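Computed from a prediction, not measured in an experiment: that's the story for all the values here. Chain identifiers are assigned alphabetically (A, B, ...) following the order of the sequence lines, protein sequences preceding nucleic acid strands; residue numbering begins at 1 within each chain.
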There are 2 protein chains.
Amino acid sequence: MGRNRATLADVARRAGLSKTAASMVLNGREGTRLSADAHQRVFAAAEELGYRPNVAARSLRTRKTATIAFVSDIVATTRFAGDLIRGALDAARERDHVLLITETQGDATFEQYAIEAMLDRQVDGVIYAAMATRRLTVPPAILGGPVVLLNATSADDLPCVLPDDDRAGRSVAAALLEHGHRDGIALIGRNRLKEGDPEVSLAAEARLRGIRQALGEAGVTLLAESFCTEWLPEHGYAAMRGLLNRSPRPSAVICMNDRLAFGAYQALGEAGLTVPDDISVISFDDDPIAAWLRPSLATTALPHEQMGRRAVELLLDGAAAGPVLVPMPLRRRRSLAPPAG
Amino acid sequence: MGRNRATLADVARRAGLSKTAASMVLNGREGTRLSADAHQRVFAAAEELGYRPNVAARSLRTRKTATIAFVSDIVATTRFAGDLIRGALDAARERDHVLLITETQGDATFEQYAIEAMLDRQVDGVIYAAMATRRLTVPPAILGGPVVLLNATSADDLPCVLPDDDRAGRSVAAALLEHGHRDGIALIGRNRLKEGDPEVSLAAEARLRGIRQALGEAGVTLLAESFCTEWLPEHGYAAMRGLLNRSPRPSAVICMNDRLAFGAYQALGEAGLTVPDDISVISFDDDPIAAWLRPSLATTALPHEQMGRRAVELLLDGAAAGPVLVPMPLRRRRSLAPPAG
DNA sequence: AGTGGTCGCTAAACTGATTTAGCAGAGCAT
DNA sequence: ATGCTCTGCTAAATCAGTTTAGCGACCACT
């Protein structure tokens with residue numbers, strides 16, 4: 001790979017100058033007293049030879065690699081990981097940086113290995129990302145340099161980037177109130193584990209808090225709350241069936257994520273009920289299926305791309321410790337209508 | 001990042017030996033005549049100091065970085081990209097390598113930039129990946145070293161890894177034949193652009209060919225073929241509605257991907273028809289929604305993780321030019337049944 | 001004439017590893 | 001005593017850059 005690349009020495013020779021001079025010109029060093037003519041010759045030589053500096057050689061001296069480590073627990077299982085990475089890649093490119101990506105799969109051995117591999121390559125900083133918003137323990141090895149937590153917090157006082165689930169909860173509730181729903185609002189996806197253990201999830205508790213607060217301010221309480229062991233379609237399906245067996249029937253349902261909502265749609269379809277005429281549905285995440293459902297599902301979008309971007313910016317611009325909350329925009333879609341009758 | 005790391009010189013000093021000796025011991029060089037005692041002392045010193053070699057320094061001399069460039073057009077928009085990357089990460093880790101990932105977004109400027117950034121960092125090889133299986137043109141800059149194409153082919157005679165869409169087509173057709181379907185099989189998702197232009201898609205033509213061949217061998221022809229401008233749920237929905245307006249009604253439908261099948265399910269549900277009792281459905285990709293649908297959708301899985309893994313293996317083990325076809329396993333699920341009546 | 005300052009540039013050290021060439025001492029044969 | 005080989009190790013070069021320290025020429029001023 002990259003054999004026969006021109007070196008700085010080649011450029012200098014062609015320009016009839018020393019390596020020192022060539023280096024200074026190409027780095028645009030201020031305060032050197034090299035003549036305009038010398039500048040010209042170096043630029044011309046570099047251009048003609050297609051010179052590109054060897055980053056390894058440079059970093060040996062400068063201890064900067066323009067490379068960022070992106071360490072996450074899981075990149076594959078959710079569609080969102082790609083957005084996190086894409087945002088980070090975009091911001092990195094804008095700042096002439098590059099991303100070294102690894103996945104730990106939640107395995108301590110893999111994590112240790114990954115972190116050593118990154119540090120051996122002298123990365124300038126680490127983005128430590130979690131795929132589910134949660135609190136985690138940062139491996140001490142990476143605390144020697146800049147670190148930003150992405151979609152996570154920790155006990156250490158580090159800069160971190162999180163989605164604003166609390167406000168998303170409020171906007172979801174507000175959207176239903178706007179449409180005139182009050183006493184018929186049910187919730188699908190309560191989960192004691194997610195709500196109680198910040199190492200499992202921060203989103204569940206924050207979303208619930210936001211929903212309750214907005215409803216509370218309007219003097220409304222939830223008609224029913226269904227508990228689910230997981231936030232998957234089958235659980236949303238079961239929960240919705242359960243709600244339909246009760247009386248009165250809810251006029252609207254909030255699902256804790258889109259996959260639950262997908263399951264709820266299935267149960268409603270089987271029961272012969274129509275969204276939104278019989279029941280409104282709103283949810284969280286903006287998974288691609290939300291737009292594909294018929295009718296399309298109103299939801300609050302996880303701003304993953306934006307978050308990935310912010311993480312890189314915080315890392316490179318030197319961030320103050322503490323959380324940055326990224327807003328989750330409300331996607332108004334066809335699953336909302338005023339309560340029937 | 002990584003300040004105060006022990007250097008080889010530190011290890012050598014502590015072991016009372018030269019850098020040369022320390023280097024040889026730590027690299028397990030054969031044929032050196034260093035004493036057992038010297039070995040002991042070097043290992044002990046390295047251990048005590050927590051020594052880890054500086055990859056930049058080493059690569060300056062050896063021209064090996066144990067780093068692979070993973071350049072793709074798009075990482076975010078499909079859920080599958082994650083799997084491709086995960087497979088590549090796993091295989092890379094097993095071989096003590098690390099992945100530098102970039103995304104070109106199909107933009108020539110970004111691509112140029114990304115490739116230069118990788119080459120500047122002296123990567124040992126490049127995996128050039130496409131998110132839709134297709135033929136593409138490889139930027140000449142990366143041909144100076146090892147390259148493997150992932151989910152793509154090119155005119156250059158390079159090793160490449162592709163899903164076996166042709167065989168997937170045959171197994172999809174065979175699954176329907178097994179269930180006794182013959183003259184009632186319809187196809188959703190024909191698309192002249194995808195079938196005709198290998199730079200857009202290789203999958204469409206291969207899947208179609210496989211289907212036709214397996215049906216042909218059984219003396220069966222397709223009852224109907226619906227064309228779609230895109231392979232999205234709304235197009236599957238429209239196509240399915242179209243098919244239901246015709247007579248006779250198909251007994252089974254093959255969809256060119258799961259998103260089309262998702263749309264077909266929606267149309268079937270609205271028409272009051274039941275899968276698989278009224279109509280069987282089978283498809284391609286094994287998108288997560290395939291398992292979430294009710295009833296679960298039979299499909300052939302894109303083996304993306306496996307493909308990512310193979311690409312790294314080919315790159316590092318030195319591959320012969322030409323394609324490696326990775327099988328697409330058939331997922332037998334509840335959307336298949338014998339024809340009604 | 002001697003001194004000092006500025007201008008334009010370079011030699012050499014340095015980063016942390018690998019690798020080549022070769023040295024000192026021991027043991028043995030002649 | 002000499003030459004030879006073998007053992008166990010090291011000095012120094014090398015990779016491709018950055019950075020420090022400083023050199024020679026020229027000019028101005030006293």
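Heavy-atom neighbours of A:Q40 CD from other residues, nucleotides or ligands within 6.0 Å: at or below the threshold of 12.
Side chain of B:T32 to main chain of B:R29: no donor-acceptor pair is present (N/O by atom type, distance under 3.5 Å, no hydrogens or angles).
Two end axes, each from the C1' atoms of five base pairs, can be drawn for the helix from C:dA1-D:dT30 to C:dT30-D:dA1; they diverge by 90°, to 10 degrees.
Side-chain contact annotation: B:S154 with B:R135, donor-acceptor N/O pair under 3.5 Å absent. Using modelled atom types and a 3.5 Å distance limit, the side chains of A:Y113 and B:D96 yield a donor-acceptor pair. A donor atom on one side chain and an acceptor atom on the other are not found under 3.5 Å apart for B:D73 and B:T104. Between the side chains of B:Q306 and B:D83, no donor-acceptor pair of N or O atoms lies under 3.5 Å.
Nearest-nucleotide positions on DNA chain D for B:R61 and A:A6 put B:R61 closer to the 5' end.
Looking at heavy-atom distances under 4.0 Å, B:T7 makes contact with sugar-phosphate atoms alone, never a base. Here A:T62 lies in heavy-atom contact (under 4.0 Å) with sugar-phosphate atoms only. Residue contacts shown for B:T20 include a base, since a base heavy atom lies under 4.0 Å away.
Between B:R58 and the phosphate of D:dC15, there is no side-chain N or O to OP1/OP2 separation shorter than 4.0 Å. Note on A:N54: every side-chain N or O is 4.0 Å or more away from OP1 and OP2 of D:dC15.
The two residues A:L202 and A:P198 come nearest to each other via the heavy atoms CD2-CB, 3.7 Å. Scanning both residues, B:Y128 and B:T137, for their nearest heavy atoms gives OH-O, 4.1 Å.
Remark: B:R5 is not positioned above the aromatic ring of B:Y51, lacking an NZ or CZ atom under 6.0 angstrom from the ring centre and at most 45 degrees off the axis.
Rounded to whole Å, atom P of D:dT18 lies 15 Å from atom CZ of A:R63. Put simply, CG on A:L60 is 12 Å from P on D:dT19, counting in whole angstrom units.
Nucleotides of DNA chain C that come within less than 4.0 Å of any heavy atom of chain A span, from the 5' end to the 3' end, C:dC7 to C:dG16.
Rounded to the nearest 0.5 Å, atoms CD1 (B:I142) and CD (B:E116) are 12.5 Å apart.
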What's touching nucleotides 6-9 of chain D from the protein side, N or O pairs under 3.5 Å?
| unit_1 | atom_1 | unit_2 | atom_2 | d |
| --- | --- | --- | --- | --- |
| D:dG8 | N7 | B:R33 | NE | 3.1 |
| D:dG8 | N7 | B:R33 | NH2 | 3.0 |
| D:dG8 | O6 | B:R33 | NH2 | 3.0 |
| D:dC9 | OP2 | B:S35 | N | 2.7 |
| D:dC9 | OP2 | B:S35 | OG | 3.2 |

